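Before any comments, here is the structure.
Atoms within a ligand are numbered from 1 in the order they appear, just like the ligands themselves. Every value quoted in this text rests on a predicted model; they were computed, and no experiment measured them. In this chain, residues are counted from 1 in sequence order. Note that these values count all heavy atoms, side chains included, but never hydrogens, waters or copies made by symmetry.
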Amino acid sequence: MTQPYSSILVTGGAGFIGGNFVRLLLERAPTVRIVNLDALTYAGNLASITDCLANPRHSFVRGSITNSELVAHLLKLHAVDGIIHFAAESHVDRSITGPRVFVDTNVMGTLTLLQEARIAGVRRFLQVSTDEVYGSLGADGSFREDTPLAPNSPYSASKTAADHLVHAFHHTYGLDTVITRCSNNYGPYQFPEKMIPLMIRNALRDQPLPVYGDGLHVRDWLHVLDHCRAIWRVFSAGRAGEIYNIGGNSEKTNLDVVKTILGILGKPESLIRFVKDRPGHDRRYAIDAGKIRRELGWVPEVAFAAGITDTVAWYLKNQAWLDQVASGDYQHYYERMYAQRGAAAPVA
Ligand code: NAD
Ligand code: TYD
């Protein structure tokens, strides 16, 4: 039996998945201490983890994963023995209009963490990656761990580069690493630039719902808590140097998802607007999650129909959170991004 981890550095723990993960870990691992390093970019928000901030086993530090002195200091100060790395620039559309910060954060930030982890003798490094590194599928098939990497967007290219560095640190220096590659997540606390919370927010305001292209692009949706449980399972029991795909076996077209949201809210489908497509838009993602199921016994627990209903209810109940994260630059972002698609609409 391996020794349990006592002090884990979680990066990006004020973001959507990282924040849900911190909350889950505080509940599930009652002896683990968490150091949460997050730069609080537009996507990071302390309002998403207010309950966790009061927990004495959780220390929040505002700072960048690209700051090697800070990372080295935290690893030493807190005697960190594991790293779970979520922090990233995560939105494909932003990567198309401004790719540089994606390389700075996703590539250079990951390199900084790997270097300092190696120097500090951290026992395990988990890289939270994405199925988007595999590129796009045709009508059939699904991504396996040995599917060739073929990223199409600046976002997925930067995540692929980071995954290669993680592999190189394992292969060259013997650092204990694991990589998870998950499909699209949905659930509480997701920033409303991503499709599901954006559509819920617009529908709540009776604003147009901007569907890219023909709306028949397919994503394999997974509830964020299922993703968090899978990450903890891989971190705790995955084999060193391995990659684990994570997916919900829940393929939907974007149009189906949007219609489902409108149905739950009792809003008319006439709110749907087909707008100019995303350049280089990946057509279909689907995950073969057989390896994590066979080796680690993980299966998704939340069916999409129940998960999306709960998620819509969560946003309805937490409109103050939504208003808070959508204040600041969000309005400008929305106008900039959607005017060029021919769908600018006031969203205040
Ligand atoms: P998010 O954008 O909601 O959160 C990212 C967090 O990282 C924010 O809190 C932000 O402040 C922080 N951050 C950004 N730059 C930083 C820096 N330089 N230093 C420290 N913190 C920084 O993203 P998310 O959706 O929660 O995604 C988390 C991870 O999961 C990412 O690595 C992403 O690639 C991966 N992923 C996401 C999905 C999805 O559907 N959202 C699916 C698969 C994998
Ligand atoms: P998104 O949530 O940005 O995730 P990703 O691009 O990483 O899969 O988008 C999910 C899907 O929804 C994708 O096919 C693009 C589409 N989409 C829209 O049709 N309209 C929108 O306003 C957004 C943000 C996304």
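Electrostatic pairing of Asp310 and Lys317 does not count as a salt bridge here, judged by no charged N lying under 4.0 Å from a carboxylate O. A salt bridge does not link Lys259 with Asp256: none of the charged nitrogens is closer than 4.0 Å to a carboxylate oxygen. A salt bridge links Asp93 with Arg341: the closest approach of a Lys/Arg side-chain nitrogen to an acidic carboxylate oxygen falls below 4.0 angstrom. Salt bridge absent: Asp131 and Arg181 never bring a charged side-chain N and a carboxylate O closer than 4.0 Å.
Using a 4.0 Å heavy-atom cutoff, Gly13 is absent from the residues neighbouring ligand 1. Ligand 1 does not have Phe191 within reach: every non-hydrogen atom of the residue lies 4.0 Å or more from it. Look at Tyr42 and you'll find every heavy atom at least 4.0 Å from all atoms of ligand 1. Heavy-atom separations between Gly109 and ligand 1 are all 4.0 Å or longer. Ligand 1 lies less than 4.0 angstrom from a heavy atom belonging to Ser129.
Listed by number with element, the atoms of ligand 1 under 4.0 Å from a non-hydrogen atom of Ser183 are 42 (C), 43 (C). Proximity to Phe86 (heavy-atom distance under 4.0 Å) selects the following atoms of ligand 1: 28 (C), 29 (C), 31 (C), 32 (O). Per-residue contacts place Ala14 under 4.0 angstrom from the following atoms of ligand 1 (heavy atoms of the residue considered): 9 (O). When each atom of ligand 1 is checked for a heavy atom of Gly63 under 4.0 Å away, the hits are 19 (N), 20 (C). Below 4.0 Å from some heavy atom of Thr105 lie the following atoms of ligand 1, by number and element: 15 (N), 16 (C), 18 (N). In the vicinity of Leu40, heavy-atom distances shorter than 4.0 Å reach the ligand 1 atoms 11 (O). Remark: ligand 1 atoms within the under-4.0 Å shell around heavy atoms of Lys159 are 31 (C), 32 (O), 33 (C), 34 (O). Close approach of ligand 1 to Ser90 is summarised as follows: ligand atoms under 4.0 Å from at least one heavy atom of the residue are 1 (P), 2 (O), 23 (O).
With distances taken over non-hydrogen atoms, the option nearest atom 34 (O) of ligand 1 out of Trp221, Tyr155, Tyr189, Phe16 is Tyr155. The heavy atom nearest to atom 36 (N) of ligand 1, considering only Asn184, Ile17, Val71, is found in Ile17.
Ordered by chain and residue number, the residues placing a heavy atom less than 4.0 Å from ligand 2 are His91, Val92, Glu132, Asn184, Glu193, Lys194, Met195, Leu198, Met199, Pro210, Val211, Tyr212, His217, Arg219, Asn254, Arg278, His281, Tyr285, Tyr338.
Side chains of Ser129 and Asp163: a donor-acceptor N/O pair is present below 3.5 angstrom, by distance only. Asn36 and His58 are linked by a side-chain donor-acceptor pair at a separation below 3.5 angstrom, with hydrogens and angles left out of the test. In the model, His91 has a side-chain atom that pairs as donor or acceptor with a side-chain atom of Tyr333 under 3.5 Å. With no hydrogens or angles considered, a side-chain donor-acceptor pair links Tyr285 and Asp282 at under 3.5 Å.
The protein heavy atom nearest to atom 40 (O) of ligand 1 is Asn185 N, 2.9 Å. Scanning the protein heavy atoms around atom 35 (C) of ligand 1, the nearest turns out to be Val128 CG1, 4.0 Å. Nearest protein neighbour of atom 8 (C) of ligand 1, counting heavy atoms only, is Asp38 OD2, 3.6 Å. For atom 20 (C) of ligand 1, the nearest protein heavy atom (residue, atom name, distance) is Ala39 N, 3.2 Å. Distance from atom 5 (C) of ligand 1 to its nearest protein heavy atom, with residue and atom name: Ala88 O, 3.5 Å.
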Give the intermediate values and the outcome of ring pair (Phe, Tyr, Trp, His ring centres under 6.0 Å) for residues Phe191 and Tyr42. CA-CA 9 Å; Phe191 191 79; Tyr42 77 92; 5.2 Å; yes
Show the numbers, then the answer: is there a side chain to side chain contact (heavy atoms under 4.5 Å, CB included) between Ile49 and Phe60? CA-CA 10 Å; Ile49 50 167; Phe60 181 82; 4.2 Å; yes
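Close N/O approach between Ser64 and ligand 1 is found [any backbone or side-chain N/O within under 3.5 Å]. Residue Thr66 has no nitrogen or oxygen atom sitting less than 3.5 Å from a nitrogen or oxygen atom of ligand 1, judged on distance alone. In terms of N/O distances under 3.5 Å, ligand 1 is not approached by Cys182. Checked by distance only, ligand 1 and Ile65 come closer than 3.5 Å through their nitrogen or oxygen atoms. Of the polar atoms of Gly15, at least one N or O is found under 3.5 Å from an N or O of ligand 1, judged by distance alone. Remark: ligand 1 and Thr130 share no N or O pair separated by less than 3.5 Å (distance only, no angle test). The shortest N or O to N or O distance between Thr41 and ligand 1 is below 3.5 Å.
Contacts with ligand 1 closer than 4.0 Å are made by no heavy atom of Arg181, backbone or side chain.
Annotation for Val299: hydrophobic cluster partners, listed by chain and number, are none (ILVMFWY side-chain heavy atoms under 4.5 Å, direct or chained).
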For residues 82-90, tabulate all N or O donor-acceptor pairs below 3.5 Å that involve a side-chain atom, not counting sequence neighbours.
| from | atom 1 | to | atom 2 | distance (Å) |
| --- | --- | --- | --- | --- |
| His85 | ND1 | Thr11 | OG1 | 2.7 |
| His85 | NE2 | Thr110 | OG1 | 2.9 |
| Ser90 | OG | Lys194 | NZ | 2.9 |

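Under the rule for a side chain to side chain donor-acceptor pair (under 3.5 Å), Arg233 has no partner lying at least two apart in sequence or in another chain.
Taking both residues in full, the closest heavy atoms of Asn245 and Tyr134 are given as OD1-OH, 2.8 Å, listed atom of the first, atom of the second, then distance. Contact detail for Ser142 and Ile287: the closest heavy-atom pair is CB-C, 3.9 Å. The minimum heavy-atom distance linking Arg144 with Thr147 is given by the pair N-OG1, 2.8 Å. Of all the heavy atoms in Pro154 and Pro99, the pair that sits closest is CB-CB, 3.8 Å.
Note: Tyr338 and Tyr334 have parallel aromatic rings, judged against thresholds of 30 and 60 degrees for the angle between ring planes.
Taking the centre of each ring, Trp314 and Trp321 come in below the 6.0 Å mark.
With rounding to the nearest 0.5 angstrom, the CG atom of Leu175 is 9.0 Å from the NE2 atom of His170.
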